[in-house]
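Residue indices begin at 1 and follow the sequence shown. The model shown is predicted, which means the values in this text are computed figures rather than measured ones.
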Amino acid sequence: MAIFCTIYYVLSYIETIPQIVKLLKTKSSNDYSLGMISLQLIALISWSLYIFTSKQSIVVYIGTIIDLLLLLFVDFLIVKYYVFNKKLV
């Protein structure tokens, strides 16, 4: 079962990396849905609370932490560039 967990985390990271690259390259977050990002964050926080309140393998703990950090970084960039772009207008 650990192989499915590993596949999930690898695909999740592959999904997040292009978002980070695009945000850093364009320095614009106008085409991101704040609602979608908020739902992703709430879902991942709920998942993290579940994982850390139950006994899991080290792969799951590490994967969850990395997944949470990547999503928080994406959220930070979206808010940063949204606020930065609003000051210019």
Side-chain angles (χ1 to χ4, degrees):
M1 293 312 271
I3 189 70
F4 294 116
C5 186
T6 304
I7 290 170
Y8 164 77
Y9 285 122
V10 168
L11 293 177
S12 178
Y13 305 154
I14 290 171
E15 172 192 28
T16 307
I17 299 299
Q19 292 178 3
I20 293 171
V21 171
K22 180 181 179 276
L23 283 165
L24 291 173
K25 185 186 274 187
T26 63
K27 299 200 183 324
S28 173
S29 65
N30 295 336
D31 54 345
Y32 282 88
S33 166
L34 193 57
M36 185 217 37
I37 296 297
S38 299
L39 285 175
Q40 279 183 321
L41 186 60
I42 291 168
L44 190 55
I45 288 172
S46 298
W47 172 256
S48 300
L49 290 172
Y50 168 74
I51 291 302
F52 289 108
T53 57
S54 61
K55 186 172 171 63
Q56 302 292 331
S57 71
I58 192 72
V59 171
V60 175
Y61 291 130
I62 292 171
T64 300
I65 290 170
I66 293 171
D67 207 10
L68 189 57
L69 290 174
L70 283 172
L71 187 60
L72 287 173
F73 186 61
V74 168
D75 291 346
F76 168 76
L77 290 175
I78 289 172
V79 171
K80 176 184 173 187
Y81 293 133
Y82 179 79
V83 170
F84 179 71
N85 287 337
K86 287 296 181 183
K87 287 181 183 178
L88 292 177
V89 174

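- Remark: side-chain polar atoms of Ser12 are not paired, donor with acceptor, to backbone N or O of Tyr8 under 3.5 angstrom.
- With values rounded to the nearest 0.5 angstrom, Asn30 atom CG is found 8.0 Å from Tyr82 atom OH.
- If you chain together hydrophobic residues whose side chains sit under 4.5 Å apart, Ile17 and Leu44 fall into the same group.
- Evaluation of the salt bridge (Lys or Arg N to Asp or Glu O under 4.0 Å) test over residues 8-24, restricted to residues two or more places apart or in two chains, returns Lys22-Asp31.
- Tested against Val60, the residues Ile58, Thr64, Ile62 include a single side-chain contact (heavy atoms from CB on, under 4.5 Å) partner, Thr64.
- Side chains of Asp67 and Leu71 form no contact here, defined as non-hydrogen atoms less than 4.5 Å apart.
- Between Ser29 and Leu77 the shortest side-chain heavy-atom distance does not fall below 4.5 Å.
- Within the model, atoms OH of Tyr81 and OG1 of Thr26 stand 8.0 Å from one another, a figure rounded to the nearest 0.5 Å.
- The minimum heavy-atom distance linking Gly63 with Tyr13 is given by the pair O-OH, 3.0 Å.
- Looking only at side-chain heavy atoms (C-beta outward), Ile66 and Tyr9 stay at 4.5 Å or farther from each other.
- If you take CG on Asp75 and CD1 on Ile37, they are separated by 5.5 Å, rounding to the nearest 0.5 Å.
- Between the side chains of Gln40 and Ser38, no donor-acceptor pair of N or O atoms lies under 3.5 Å.
- Atom CD of Gln19 is separated from atom CD1 of Ile78 by 6.5 Å, given to the nearest 0.5 angstrom.
- The list of ring-ring contact (aromatic ring centres under 6.0 Å, His included) pairs with a residue in residues 38-69, not counting sequence neighbours, reads Trp47-Tyr50, Phe52-Tyr61.
- Cluster annotation: Ile42 and Leu69 are assigned to distinct hydrophobic clusters (Ile/Leu/Val/Met/Phe/Trp/Tyr, side-chain heavy-atom contacts under 4.5 Å, transitive).
- Leu41 is listed as a side-chain neighbour of Leu72, based on a closest heavy-atom distance under 4.5 Å.
- Inter-residue side-chain proximity for Leu70 and Val74 is flagged as unmet; no heavy-atom pair is nearer than 4.5 Å.
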